[in-house]
Amino acid sequence: MARRRRRPRPDAGGGGFPRWEHNPFTVEGEIERLGGISRGLSTAPRWARYVARGVALMILLPVAIGLVAFVVGIFTD
């Protein structure tokens with residue numbers, strides 16, 4: 001079975017973190033970091049992608065349940 005070619009990490013010279021263009025406390029910086037996370041997950045092993053999806057689901061599921069409960073509470077009163 002042939003090995004798949006993986007994309008190199010952008011701006012990751014020397015194995016460290018990539019250089020960010022924007023301040024991490026701005027909207028642009030948050031968007032840049034989310035893009036970095038998605039690029040990292042696209043080249044990660046399959047098991048790491050499943051773990052990342054599970055963690056994201058564990059974080060977002062309570063938020064979604066709370067939002068649904070809030071909306072239902074508004075319309076039932």
Side-chain angles (χ1 to χ4, degrees):
M1 183 171 176
R3 295 187 74 185
R4 291 188 325 187
R5 293 179 62 192
R6 295 180 185 250
R7 285 185 273 159
R9 291 186 292 165
D11 298 331
F17 289 106
R19 296 177 194 231
W20 305 110
E21 293 182 20
H22 300 96
N23 187 342
F25 301 109
T26 62
V27 175
E28 292 85 3
E30 289 293 324
I31 292 170
E32 186 176 12
R33 272 136 194 90
L34 289 174
I37 291 171
S38 66
R39 280 190 303 275
L41 286 176
S42 68
T43 59
R46 182 176 291 176
W47 66 269
R49 288 189 298 244
Y50 287 132
V51 168
R53 288 178 184 154
V55 169
L57 184 65
M58 287 176 22
I59 292 170
L60 294 177
L61 193 60
V63 173
I65 291 171
L67 181 63
V68 169
F70 177 72
V71 170
V72 168
I74 288 175
F75 289 113
T76 56
D77 288 337

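Index from 1, following the sequence.
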So CE of Met58 and CZ of Arg53: to nearest 0.5 Å the spacing works out to 16.0 Å
Shortest non-hydrogen pair, Pro62 vs Ile59, comes out as CD-O, 3.5 Å
Separation between NE2 (His22) and CD (Glu30), nearest 0.5 Å, reads 12.5 Å
